[in-house]
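These numbers come from the heavy atoms of this one structure, side chains and all, not from hydrogens, waters or symmetry mates. Within every chain, numbering begins at 1; the chains are lettered A, B, ... in the order of the sequence lines, protein sequences first and strands thereafter.
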2 protein chains.
Amino acid sequence: MARMAAKDRREELIAAAIRVMVRDGVTKATTRAIVGEAGMPLGVFHYCFSSREELLQEVITRLTDSSVAKARDVFTAEDDDLGARITKTLLAFWEGVELSPGEHQVGYELTHYALRQAGFEELARRQYDHYLEVHQEFLLAAAESAGIRWTVPLPVLARYLNAVLDGVTLCWLADRNSEHSREVLRLTGEHLLTLAER
Amino acid sequence: MARMAAKDRREELIAAAIRVMVRDGVTKATTRAIVGEAGMPLGVFHYCFSSREELLQEVITRLTDSSVAKARDVFTAEDDDLGARITKTLLAFWEGVELSPGEHQVGYELTHYALRQAGFEELARRQYDHYLEVHQEFLLAAAESAGIRWTVPLPVLARYLNAVLDGVTLCWLADRNSEHSREVLRLTGEHLLTLAER
DNA sequence: CGGTGTCTTGGACGCTCGACCAACATAACG
DNA sequence: CGTTATGTTGGTCGAGCGTCCAAGACACCG
């Protein structure tokens, strides 16, 4: 194996771990499966990570950050009215789900893993803190650029939005009913519109 | 160990498995942990079940059925108007979540387990089919007794309701913000009311 | 050059897991 | 009673797991 800095190897292992998890699920992401995916000998693992948990922790934060960043990229269009902007954003989110269901699935699996792992509960909490924050940012930006204000407290509205998206995704992962899922998002978009006032 | 019919032992093992899962999570529910919880010797397990998967399958259907039954019990009050009925039902559901978070958590864990396990995808699909069906029943019964009709197709509305409940639960499992969670449910209830017409 | 720190590697450890079985105990029934 | 069916038990198997380590290879620097 070509010589490589431990830092770089960490990154490759994290990436390999995510690939394995997306393909086979979190529980199948063993140390051996991960180094296998990365094409490295087993011994490398504990030279780069003190434990499997340390890698998992890293994976959780990376995946959350990337989800949040991806979501933030979505709401950059400023030239639409409120209705169009909401619709576009919800559908853009949904495209992301249908395009890579595995990533979202892994997100949920990691949440439940963290909720059960002693000392990891905080990670699950932070995960949802970030999600809520990004939704709140979106709602705030949309309101400002449209010159309206929300008739419902922003944290509550953000949680509502987060809940619908999570719930629709979860249900779709099980039954793959894309048509109904989109209808629910459309319905939610219309609902949000009624919660804005000048 | 007292002599017991294999059928009866199966039931006790299923119940013990559910207890272990609620307490420690699905992944910790090993054959040894389960028979330990049931106070039986290890050998019993494969006398009653051909495999661990067979037990898991049984647990999934039992837990789904019990959730559905519990949900059905909630919407029996016929004497309220539509708004009161919706509010009562949503809050009753929420009481169930806060009262036994572990059970709901296990529900999600089993869904993700089933989605990853070859040959179990159908079980996850059926799980959500049942959930959607029960929500649809509720919406239909509420509409009939209130003399209204829904302006949104029933399957879509049921999916919407299911999504909000799932999403709020999931988020609450992570951050335990009860106040905001209730606010989201209140908001959803009000929204549903606007989707009814005479 | 030699020495020191960094990286590489294959193998081994102790443990837990699902599964299996032979030997035994108890019931059911002619 | 004897035979057959059913249930009980402790031990054991092989596989896979996270973790660790000694020995070597390589790079850098005085």
Side-chain angles (χ1 to χ4, degrees), chain A residues 1-21 23-60 109-110 112-114 116-120 123, chain B residues 1-21 23-60 109-110 112-114 116-120 123:
Chain A
M1 191 92 236
R3 210 179 160 83
M4 193 184 305
K7 287 277 176 196
D8 298 339
R9 234 177 246 284
R10 271 179 73 101
E11 296 305 314
E12 285 204 19
L13 283 172
I14 291 169
I18 292 177
R19 287 199 302 277
V20 173
M21 288 181 193
R23 190 195 327 122
D24 303 323
V26 170
T27 61
K28 304 278 184 60
T30 65
T31 55
R32 284 167 177 81
I34 293 167
V35 296
E37 170 75 22
M40 301 176 186
L42 178 56
V44 163
F45 192 94
H46 281 87
Y47 183 74
C48 299
F49 295 95
S50 70
S51 70
R52 181 175 175 268
E53 285 195 6
E54 188 186 322
L55 189 164
L56 265 294
Q57 193 166 329
E58 212 66 45
V59 166
I60 291 176
E109 289 174 13
L110 286 174
H112 291 297
Y113 170 85
R116 292 292 191 184
Q117 201 72 7
F120 274 56
L123 249 68
Chain B
M1 192 95 236
R3 209 181 160 83
M4 191 184 307
K7 288 278 177 195
D8 298 340
R9 232 177 246 284
R10 272 177 72 101
E11 297 305 314
E12 285 205 17
L13 282 172
I14 292 170
I18 292 176
R19 287 199 302 276
V20 173
M21 289 179 193
R23 190 194 329 120
D24 304 322
V26 170
T27 61
K28 304 278 184 60
T30 65
T31 56
R32 285 168 177 81
I34 294 167
V35 297
E37 171 75 23
M40 302 176 184
L42 177 57
V44 162
F45 192 94
H46 282 87
Y47 183 74
C48 297
F49 295 95
S50 69
S51 70
R52 182 176 174 267
E53 285 195 8
E54 187 185 321
L55 187 162
L56 264 294
Q57 193 166 330
E58 212 66 46
V59 166
I60 291 176
E109 289 174 12
L110 286 174
H112 291 295
Y113 170 85
R116 291 293 191 183
Q117 201 73 8
F120 274 56
L123 248 70

message = I'd like to know if Arg32(A) reaches the base of dG16(D) with its side chain, counting only an N/O donor and acceptor under 3.5 Å.
response = no
task = Anything under 30° is parallel, anything over 60° is perpendicular, the rest tilted; go ahead and classify Tyr113(B) against Phe120(B).
result = perpendicular
task = Quick one: label Met40(A) by what it contacts on the DNA or RNA (base, sugar-phosphate, nothing), any heavy atom closer than 4.0 Å.
result = nothing
remark   = On a heavy-atom basis, the closest approach of Ala6(A) and Tyr47(A) is CB-CE2, 4.1 Å
note = Nearest heavy-atom approach of Ala33(A) to Lys28(A) is CB-O, 3.6 Å
Gap between atoms CD and P, on Glu53(B) and dC17(C) respectively (whole Å) = 17 Å
key: Side-chain N or O of Arg3(B) closer than 4.0 Å to phosphate OP1/OP2 of dG7(D)   = no
inquiry  = Just the rounded figure in Å: distance from P of dG18(D) to NZ of Lys28(A).
reply    = 13 Å
task = Would you kindly give the CD-to-P distance between Glu54(B) and dA19(C), to the nearest whole Å?
result = 10 Å
query = Quick one: is dT19(D) close enough that its OP1 or OP2 comes under 4.0 Å of any side-chain N or O from His46(A)?
reply = yes
query = Can you list the residues that meet the salt bridge (Lys or Arg N to Asp or Glu O under 4.0 Å) rule with Arg52(B), with sequence neighbours excluded?
reply = none
message = Classify Ala2(A) by what it touches in the nucleic acid, base, sugar-phosphate, or nothing, heavy-atom distance under 4.0 Å.
response = sugar-phosphate
task = Mind running a 4.0 Å heavy-atom check of residues 7-18 of chain B against DNA chain C and sending the residues that fall below it, in number order?
result = none
message = I'd like to know if the side chain of Glu109(B) and the backbone of Val26(B) have a donor-acceptor N/O pair within less than 3.5 Å.
response = yes
query = Is any NZ, NE, NH1 or NH2 atom of the basic residue among Arg10(B) and Glu54(B) found under 4.0 Å from an Asp or Glu carboxylate oxygen of the other?
reply = yes
ask   = Which one, dG7(D), dC7(C), dG18(D), comes nearest to the side chain of Tyr47(A)?
value = dC7(C)
Nearest-nucleotide comparison on DNA chain D, the residue closer to the 5′ end among Thr30(A) and Met4(B) = Met4(B)
ask   = Expressed in angstrom and rounded to an integer, what is the separation of Arg52(B) atom CZ from dG16(D) atom C1'?
value = 14 Å
note = Whole-Å distance, Ile34(A) CD1 to dT19(D) P, equals 11 Å
request  = Enter the distance from Met40(A):CE to Cys48(A):SG here, rounded to the nearest 0.5 Å.
outcome  = 7.0 Å
remark   = note: Leu56(B), atom CG; dA19(C), atom C1'; distance rounded to Å ~ 15 Å
request  = For Leu42(A) and for Ser50(B), find the nucleotide of DNA chain C with the closest heavy atom, then tell me which residue's nucleotide is more 5'.
outcome  = Leu42(A)
